[in-house]
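A quick write-up on the structure given underneath.
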Protein chains: 2
Amino acid sequence: MARKTGSHSEITGPRIRDAALKLFARHGFAAVSMRQIAAEVGVQAGALYLYTPDKETLLFDLLKAHMDDLLAAWDADDPGGAPVARLEGFVRFHIRFNLERPDAVFLSYMELRNLGAANFAAIEALRKTYETRLETILRDGQGAGVFALPDTKIATLAIIAMLTGVNTWYREGGRLSRAAVGDLYWDMVRKSVAA
Amino acid sequence: MARKTGSHSEITGPRIRDAALKLFARHGFAAVSMRQIAAEVGVQAGALYLYTPDKETLLFDLLKAHMDDLLAAWDADDPGGAPVARLEGFVRFHIRFNLERPDAVFLSYMELRNLGAANFAAIEALRKTYETRLETILRDGQGAGVFALPDTKIATLAIIAMLTGVNTWYREGGRLSRAAVGDLYWDMVRKSVAA
DNA sequence: AGATTATCTGAACATGCGTTCAATACAATA
DNA sequence: TATTGTATTGAACGCATGTTCAGATAATCT
């Protein structure tokens with residue numbers, strides 16, 4: 001036995017990344033073996049090496065793709081305009097985007113330590129870029145006198161931590177709709193930065 | 001060779017827990033071997049089994065001890081009194097306590113997935129108990145009309161996420177002292193719940 | 001001093017790991 | 001239909017894993 005009927009790299013490639021994302025998020029990078037990923041896809045472990053040079057690169061590619069998605073999605077979603085409206089847009093965007101891909105979000109702040117120095121630095125830079133997007137909004141609002149922030153950098157980190165926390169408790173079909181969650185968090189954020 | 005001079009369970013026991021805590025936090029539970037922990041202590045792997053029945057229990061004991069510490073420390077620190085003062089006490093306590101033991105904090109919200117169902121439930125119950133401490137303060141303040149919270153439960157989770165986020169960026173000897181961080185976060189929390 | 005108990009070693013167990021590679025079967029092209 | 005290139009298997013590599021245990025030594029007790 002060798003090549004399987006219907007086999008195609010455009011099919012197997014994504015399936016491997018999907019399986020790896022799901023399993024890494026569920027059990028942790030180190031706890032998941034290449035054989036488990038292969039089994040999930042329905043393939044032998046050796047076949048994975050047609051799609052990734054090694055296990056760490058597989059993780060890195062997932063994290064990199066997630067961060068690229070995040071930045072591109074925000075840049076497309078950014079309403080611009082006045083700082084208050086822009087901040088509201090950011091809050092609702094962040095919650096919505098993160099709730100749509102909980103596994104990737106979980107991975108990208110839990111498994112950074114499994115990356116080598118170079119890969120780690122690359123992901124960190126993207127994360128910092130995203131933080132800067134919010135920081136700029138806060139700084140603009142501070143300059144315009146609509147926000148009162150003793151420390152813009154810390155406010156940035158505090159808001160992102162608060163918003164990302166939604167992923168730890170939100171369950172589909174629970175008491176609150178995604179939109180309702182957006183309302184609640186926007187209410188708190190708006191007040192916390194108010195002049 | 002067998003028993004070593006100066007050997008004592010009251011010495012080796014804590015050293016094993018310290019080494020395990022440090023290594024688990026640094027590299028992740030699954031990525032750390034019993035032999036690595038033993039080497040850090042200066043002992044052979046077999047000796048660890050005088051102190052723990054297995055690896056998972058070692059992790060559980062660390063998480064359990066941390067949560068017990070947390071609850072006991074807050075109960076001793078709770079200033080009582082008016083909701084606003086109590087909330088301020090909680091904010092400053094949470095930041096201070098967490099910054100004093102970053103490894104344990106990291107572990108207890110990153111490695112829960114490596115626990116079996118029963119152990120997981122035990123830790124979750126303790127976490128919920130801690131959340132209830134804050135929720136009660138918020139509910140009291142809401143009742144007294146000093147806080148305005150559309151959803152007390154969500155506000156609880158949002159505040160805890162925001163405060164716990166400090167551990168992801170704070171570095172000893174950095175720009176801000178711990179007290180200054182407490183001031184900044186109390187400012188944001190105070191405003192976010194204000195009536 | 002002698003007996004007992006607590007502490008640790010070192011080797012062993014079966015199992016699983018990430019990764020490589022020759023062989024092979026299917027898909028695409030001509 | 002023949003040929004070339006792509007996708008995959010399955011076995012193998014050396015090494016690491018969690019855990020057990022008989023044997024050995026140090027500390028403690030009588």
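So you know, we letter chains A, B, ... as the sequences are listed, proteins then strands, and number each from 1.
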Once the angle between the rings of A:Y185 and A:W169 is folded into 0 to 90°, is it parallel (under 30°), tilted (30 to 60°) or perpendicular (over 60°)?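 Answer is parallel, since the angle falls under 30°.
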Whole-Å distance between D:dC21 P and B:L48 CG?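 Interatomic distance, CG of B:L48 to P of D:dC21: 16 Å.
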Examine [N]: is either OP1 or OP2 under 4.0 Å from a nitrogen or oxygen in the side chain of [X]? Give yes or no.
X     : N      : value
A:T12 : D:dT8  : yes
A:K4  : C:dA25 : no
A:S9  : D:dA7  : yes
A:Y51 : D:dT8  : yes

Looking at every non-hydrogen atom in both residues, tell me the closest pair between [X] and [Y] and how far apart they are.
X      : Y      : result
A:G182 : A:R92  : C-NH1, 3.5 Å
B:F93  : B:Y130 : CE2-OH, 3.8 Å
B:P83  : B:V146 : CB-CG2, 4.3 Å

Cation-pi check, B:R101 to B:F97: give yes when NZ or CZ is under 6.0 Å from the six-membered ring centre and within 45° of the ring axis, no otherwise.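 That pair qualifies as a cation-pi contact.
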Would you call B:K153 and B:E131 a salt bridge, taking side-chain N to carboxylate O under 4.0 Å as the test?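 Here B:K153 pairs with B:E131 in a salt bridge, since their nearest N and O are under 4.0 Å apart.
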If the threshold is 4.0 Å, N to carboxylate O, is there a salt bridge linking B:R133 and B:D78?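 No, B:R133 and B:D78 are not salt-bridged.
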Could you encode protein contacts along nucleotides 14-21 of chain C as a string, one character per nucleotide from 5' to 3', using B for base contact, S for sugar-phosphate-only contact and - for no contact, with a heavy-atom cut-off of under 4.0 Å? ---BBBB-
If you restrict it to nitrogen or oxygen atoms, what contacts under 3.5 Å exist between nucleotides 28-30 of chain D and the protein, and what is each distance?
| residue | atom | partner | partner atom | Å |
| --- | --- | --- | --- | --- |
| D:dT28 | OP1 | B:H8 | NE2 | 3.0 |

Start with the C-alpha distance between B:D68 and B:K64, add both sets of side-chain angles, then the distance that settles salt bridge (charged side-chain N to carboxylate O under 4.0 Å, His left out), and finish with yes or no. CA-CA 6 Å; B:D68 287 343; B:K64 174 81 163 61; 2.7 Å; yes
